Amino acid sequence: MAEPQAKKARVAEEDSATSFPKNKIKILLLEGVSQRGIQMLRDDGFQVEALKTALTEEELLKKIPDLHVLGIRSKTQVSKKVIEASNRLLAISCFCIGTDQVDLAAAQAKGIPVFNAPFANTRSVAELIIGNIVGLSRKVGDCTAAMHRGAWFKLASGCFEIRGKTLGLIGYGHIGSQVSVLAESMGMHVIYYDVVPKLPMGNASQVGTLPEMLAQADFVSLHVPKMSSTENMITKVEFAQMKKGCFFLNASRGNTVVIPDLAAALKSGHLGGAYVDVFPVEPGKNGENLFESELRGCPNTLLTPHVGGSTEEAQAKIGEEVANSLLKCVNEGSTHGAVNFPEVDMKIDPSGNTHRVLIIHKNKPGMMSSINKVFTEANANICQQFLNTKGEVGYVVVDTNVETSADVKKRLSELDAVIKVRVLF
């Protein structure tokens with residue numbers, strides 16, 4: 001749809017300057033979002049469709065034109081093509097930590113904030129790492145596989161307590177620091193490497209370089225975001241720098257490790273074992289005979305299907321956190337916590353004598369002058385106003401008198417640099 005036509009469609013969608021009826025706001029939630037989050041949105045009056053599976057790009061293109069909110073987890077890919085096909089989308093919600101499955105720049109250009117839950121599942125991931133540190137040190141995976149075959153091998157050789165061992169963390173953010181605290185409570189010595197100085201928790205200490213850390217650690221656990229600088233950051237070079245018999249764990253991002261190099265280090269015996277939860281290529285659905293990896297069959301190698309944050313507690317917290325963000329966005333115009341968008345969170349005027357005007361515009365010089373001129377020409381009284389910008393987009397929230405909101409909305413929609421205008425009351 002051409003941009004002028006898209007703007008007309010957005011203006012026509014709402015009845016003059018009235019708030020759009022909640023029961024007509026369509027929300028699609030994919031990949032088995034927590035029932036808590038689904039219920040919160042339904043209880044507020046929205047029309048919610050919840051599916052257990054991810055959708056392909058082709059399937060999304062059919063759904064997206066009628067949607068006001070799209071909610072996903074980690075499997076669904078929201079491409080620029082999908083975003084540009086949307087006519088009514090107010091927000092995209094990622095019910096997870098990462099947002100790399102969404103084209104954030106395309107969403108910003110279209111005036112669509114993207115929300116996530118950056119903290120809600122950190123404890124679940126941290127506990128899983130600790131559990132697998134113990135599992136690797138006791139060769140639990142190999143023992144379990146042998147016993148399922150009917151074998152019985154009771155051995156102590158190559159099995160260790162984790163007390164007194166050194167854990168090296170690559171990345172000391174929300175998850176890495178929690179792993180640090182839990183590991184210390186079990187008697188481990190913790191060192192970490194991060195690209196920026198980080199305040200240590202407990203008795204942990206930061207080391208200056210990655211090779212320095214790798215040379216000291218008995219266990220190495222990776223906790224980094226998906227960035228160009230972290231892609232393939234662990235290769236045969238880094239594995240060679242680890243102590244012989246070191247254990248390696250990755251529950252961060254699938255593209256951070258060169259998997260064939262890890263498999264080679266395991267098969268050669270240089271590494272004592274590995275735990276991997278994330279992979280460069282992951283199946284888009286559940287089922288048998290879907291997973292292929294060079295790590296299959298490697299000794300003392302524990303594998304899980306990207307379940308780091310998949311606990312009932314974490315999913316409930318994520319559902320609640322993201323649903324709250326969506327409710328504040330749709331009902332109040334708040335973009336607090338949006339990863340790609342100017343953050344604005346202005347209190348609602350309790351008097352009931354105002355309408356709230358939400359203006360998303362291109363970040364160009366003179367825009368506030370043009371916007372304020374509209375309010376002046378409409379003889380509108382600005383009760384409170386909040387502006388913020390990020391990248392190529394600006395976002396203004398204005399509470400104005402009821403009588404002028406319709407005229408203000410019409411005039412603002414005619415400005416070339418305005419991407420979207422909504423009125424709430």
Side-chain angles (χ1 to χ4, degrees), residues 97 118-141 158-227 229-230 233-235 237-253 256-257 262 265-266 270-278 300-302 304 307-309 311 314:
I97 291 180
F119 315 118
N121 70 358
T122 54
R123 176 70 183 201
S124 295
V125 178
E127 287 186 3
L128 188 63
I129 289 295
I130 294 297
N132 280 284
I133 286 175
V134 175
L136 289 172
S137 67
R138 300 298 296 272
K139 298 186 177 180
V140 169
C159 296
F160 309 95
E161 293 182 356
I162 67 170
R163 180 177 55 176
K165 303 300 187 296
T166 298
L167 170 62
L169 300 170
I170 305 175
Y172 202 71
H174 302 300
I175 296 174
S177 58
Q178 282 210 36
V179 172
S180 174
V181 171
L182 294 175
E184 276 203 349
S185 73
M186 298 185 73
M188 300 190 79
H189 171 57
V190 180
I191 58 177
Y192 64 92
Y193 169 75
D194 204 299
V195 293
V196 296
K198 291 289 183 72
L199 180 69
M201 305 290 285
N203 295 313
S205 57
Q206 186 165 6
V207 297
T209 67
L210 181 58
E212 180 185 352
M213 194 210 75
L214 296 178
Q216 298 180 53
D218 300 302
F219 296 83
V220 173
S221 189
L222 191 56
H223 302 283
V224 297
K226 183 178 180 179
M227 303 171 64
S229 58
T230 62
M233 69 176 295
I234 306 297
T235 68
V237 174
E238 286 70 32
F239 289 126
Q241 292 170 347
M242 297 178 191
K243 295 164 63 173
K244 181 173 175 57
C246 178
F247 300 97
F248 177 75
L249 303 93
N250 181 25
S252 61
R253 292 291 182 267
T256 55
V257 179
L262 173 57
L266 289 163
H270 180 68
L271 291 184
Y275 166 64
V276 182
D277 182 52
V278 289
N300 199 23
T301 301
L302 303 175
T304 51
V307 297
T311 62

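The model shown is predicted, which means the values in this text are computed figures rather than measured ones.
- Checked against side-chain contact (heavy atoms from CB on, under 4.5 Å), D277 has the following partners two or more places apart in sequence or in another chain: A251, Y275, T304, H306, V307.
- Applying the salt bridge (Lys or Arg N to Asp or Glu O under 4.0 Å) test to residues at least two apart or on different chains, the pairs with a partner in residues 188-198 are D194-K198.
- To the nearest 0.5 Å, atom OG of residue S177 and atom CG of residue L182 are 10.0 Å apart.
- Using a 4.5 Å heavy-atom threshold, the side chains of M227 and T256 count as separate.
- Taking CG of L249 as the start and CG of L302 as the end, the distance is 8.5 Å to the nearest 0.5 Å.
- With rounding to the nearest 0.5 Å, the separation of CG in L271 from CG in N300 is 10.5 Å.
- In plain terms, the two heavy atoms of A274 and L262 that are nearest each other are CB-CD1, 4.2 Å.
- Of the inter-residue distances, the one linking N250 atom CG with S221 atom OG reads 7.5 Å to the nearest 0.5 angstrom.
- The two atoms that bring C246 and A217 nearest to each other are SG-O, 3.7 Å, heavy atoms only.
- Counting only residues at least two apart or on different chains, no salt bridge (Lys or Arg N to Asp or Glu O under 4.0 Å) pair has a member in residues 170-193.
- Every pair tested for side-chain hydrogen bond (donor to acceptor under 3.5 Å, both in side chains) that includes a residue from residues 129-140 fails, sequence neighbours excluded, so the list is empty.
- Under a 3.5 Å cut-off, the side chain of T230 and the backbone N or O of P225 do form a donor-acceptor pair.
- Of all heavy-atom pairs spanning I191 and Q216, the tightest one is CD1-CB, 3.8 Å.
- Sorted by first and then second residue, the side-chain hydrogen bond (donor to acceptor under 3.5 Å, both in side chains) pairs with a member in residues 203-213 form an empty list; sequence neighbours excluded.
- Once rounded to the nearest 0.5 Å, the distance linking CD of Q178 with NE2 of H223 reads 10.5 Å.
- Between D218 and H189, the closest side-chain pair of non-hydrogen atoms is not below 4.5 Å.
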When the side chains of residues 164-172 are checked against the rest of the protein, which donor-acceptor pairs come out under 3.5 Å, sequence neighbours left out?
unit_1	atom_1	unit_2	atom_2	d
K165	NZ	E161	O	2.9
Y172	OH	S180	OG	3.0
Y172	OH	M201	N	2.9

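- Between F219 and F247, the two ring planes are parallel [angle under 30°; tilted spans 30° to 60°].
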Exercise for the section: Might you work through the side chain to side chain contact (heavy atoms under 4.5 Å, CB included) test for F248 and V257, ending with a clear yes or no? Expected result: CA-CA 11 Å; F248 177 75; V257 179; 3.7 Å; yes
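- Side-chain contact between R123 and T311: absent, with no pair of heavy atoms (C-beta onward) separated by less than 4.5 Å.
- The backbone N or O of M242 sits less than 3.5 Å from a side-chain atom of H270, completing a donor-acceptor pair.
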Exercise for the section: Starting from the C-alpha separation in whole Å, work towards a yes-or-no answer on side chain to side chain contact (heavy atoms under 4.5 Å, CB included) for L222 and V224. Expected result: CA-CA 6 Å; L222 191 56; V224 297; 4.1 Å; yes
